[in-house]
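Just follow the structure's listing: the first ligand is 1, and inside any ligand the first atom is 1.
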Amino acid sequence: MAKAESESAGTDNESRLSEAEIAVHWKEEKVYYPNPRFVGQANLTDPTVKDRFAEKNFPECFREYADLLTWDKYWTTTLDTSKAPFWKWFVGGKLNVSYNCVDRQLEKNRNKAALIFVSEDEAEPPVAVTYQDLYIRVNEMAALLRDFCGLKTGDRVTIHMPMVAELPITMLACARLGVIHSVVYGGFSGEACGSRIADSGSRILITIDGYYRSGKVIDHKANADIAVRKAQEDGTKVEKVLVWKRFRDKSASATPMVEGRDFMVNDVLKQFAGKLVDPVSMPAEAPLFLMYTSGSTGKPKGCQHSTGGYLAYVTGTSKYIQDIHPTDVYWCMADIGWITGHSYIVYGPLALAATSVIYEGVPTYPDAGRVWRIAERLGVNIFHTSPTAIRMLRKLGPDEPKKYHYRFKSMTTVGEPIEPEAWKWYYEIVGQGQAVITDTWWQTENGGFLCSTKPAMDPMKPGSAGPPMLGIYPIIYDEKAKEIPAGAGKAGNICIRNPWPGIFQTIWGDPDRYVATYYSKYNTNKNSTDWHDWPYFAGDGATWAADGYIRILGRVDDVINVAGHRLGTKEIESACLTVPEVAEAAVVPIVDPERGRVPEVYIALKPGVKATPAEVSAKVTLAIETVIGKIARPRVVRVVPDMPKTRSGKIMRRVLAAISNQMDYGDITTLANPEVVEQIRVQVQGAGPVVKKTAPEDIKAFGADV
Ligand code: PRX
């Protein structure tokens, strides 16, 4: 493997925990069986499906997913591997995503709610957007994008919006034209948005004036001005900023509109009232969208997702794993600004004609009963959220669900490993022991689920994502590319041996990084066009139990999973280095009972700095919020006399992570400055004896030498 090129910071196999050690944290749990009432109505109960998706039937098995869509032209080649690892699915096929998610639902579901928007302000009643409304609004917006902005197939557009119905409307309008959208999470700062605008080469930015967050109206338009400036610095001129209006009768932003550049969407749309736009028939392998995600090194990566493969995969998994029927009211509490929202709020559910709920605000606003009141009021029967949200709702209102009359048939968790204790609360209290749980493991790059139980067919095991999805063939390797078989009781690097339709196509503008990061680690022949030679390296540690269930242990690289969202350490460190007093910065993850992991920052100052440590810490926190956003805010910024370093000058983040997590930092004799480690330990942990605690896998693996 060309290790130097790879972003993966795999650890020494010897230093890995065995399953027995892991069990110190989480024991193997008893299994739970799906409720017969659920099984009776489930979409997937046919036991022959396992054989249909067995490796011998790959890749043709995925026709079953693609056949859920309406194609303008059927494909000729199911999987083209001739440019491996740049996979092409359903080659020769043509379709339009907005047609599949909107137009084709009109015949049977015209006046059914496609989206229900729930304001954070409880005094504002929910707003239902029927499929007919959605059709009209998507068409009008598509007309605006085409005729007012001059956008055409293949152009990129950056969308920086919170959770409002206008966000999926905008996405679907782009999809109607074959315009590639890049949605940036609304909580990211203007600067973070600007660098993504530049990377994607978008000349149009679509935003909103403001939105509710924790009871306050946030002036979101202010971020657009920063984003445009940052994009310009990075070499991309934004020609137009389109600003949606959050409120009908008032402005949510005090930031002035820039003449000739900024336009209120709601005003411009009037010119396009009732205008219909033919959906552009797109090749299956044309890009549908970019979604930026963090890696260990460098700037965020624009993961490029396809049209046909992606839509087929999210539709198939939404149908069989989320168990979505057109009659269901489905609520995924993720944000559309992350991949979960793209796949499982917008594209999967709408392709199946479901009703998808969009909640604007904080789940615990104004109190810990809010989520369950929404579920009761809207008759939600499928619920989807993250372990962080589950832990938070449990902590703030353990008995709140009991006060409301809703009934979930199925519930999903995604984004982080879930502790069995939190799982059981979700199952027993939220799901009243009736709803099935699917713990779905996957990533931004993957388009859709990779591991999960099949809800009506497989028993559930708390803390374990479960068996691989249909048509997904994983393998767990050690660092030396030796397979760790199921039941071996050892952790290793989980890889997927085969491509699948939802897999991303490349990193926008950086195909070499795509190959280096995800495929070179376990590829043995870079000229091979046989998919068997290209295992996809996920960057997660995992164990595979003898019963076939996979337990994900967390990242094995320098990515921190904060509340289910990936943040790259290097990105946070670069933000710290924008503070003039800072000479060096190191970011490490610490275990947090609610948010999973949160970043902690170590700083060494330049000589002669006059500012106090408290002043520098405040500046560092502000810099992180400015460059990335509040989501990356560190728990603590520690100013230390020096960084522990190897003789070649590399900062030993592993040692800092151990100290921050009250762990033993192991052998430091080879460091250039071992004495500083003890100074830092005393500063962080106090003068008592060294604490020795077994660390979770990702913390132990953190910052390992590449
Ligand atoms: O470490 C895994 C964790 O989240 C990472 C992917 O993050 P992101 O690309 O932001 O996508 C999140 C939602 C798909 C993975 O590398 N992860 C995701 N789901 C699970 C998980 N860890 C354990 N169990 C899961 N169910």
Proximal candidate to [atom] [heavy atom criterion; set [options]]:
atom: atom 11 (O) of ligand 1; options: D557, I418, I550, T444; value: T444
atom: atom 13 (C) of ligand 1; options: L450, T340, I494, T413; value: T340
atom: atom 12 (C) of ligand 1; options: C451, P387, S386, G564; value: G564

Which atom names give the shortest non-hydrogen contact between E445 and Y536, and what distance separates them?
CB-OH, 3.4 Å

Atom indices of ligand 1 within 4.0 angstrom of I552 heavy atoms, with elements:
22 (N), 23 (C)

Top protein contact for [atom], by heavy-atom distance:
atom: atom 1 (O) of ligand 1; value: D540 OD1, 2.6 Å
atom: atom 25 (C) of ligand 1; value: E416 O, 3.5 Å
atom: atom 17 (N) of ligand 1; value: G415 O, 3.2 Å
atom: atom 10 (O) of ligand 1; value: R566 CD, 3.5 Å

Could you check whether [X] pairs with [Y] (Lys NZ or Arg NE/NH1/NH2 to Asp/Glu carboxylate O, under 4.0 Å)?
X: E594; Y: R391; answer: no
X: E571; Y: R566; answer: no
X: K490; Y: D478; answer: no

Salt bridge (Lys or Arg N to Asp or Glu O under 4.0 Å) against D199, all qualifying residues, sequence neighbours excluded
K299

Crowding at CD, E421 (>12 non-hydrogen neighbours, <6.0 Å):
no

How does N561 reach ligand 1, by side chain, by backbone, by both or by neither, if only non-hydrogen atoms under 4.0 Å count?
side chain

Given that the side chain starts at C-beta and the backbone is N, CA, C, O, which of these parts of P417 lies under 4.0 Å from ligand 1, counting heavy atoms, or is it both or neither?
both

Is the shortest side-chain heavy-atom distance between Y426 and F383 below 4.5 Å?
yes

Using distance alone, determine whether Q443 and ligand 1 share an N or O pair under 3.5 Å.
yes

Over-ring placement of K521 relative to Y519, 6.0 Å and 45° cut-offs
no

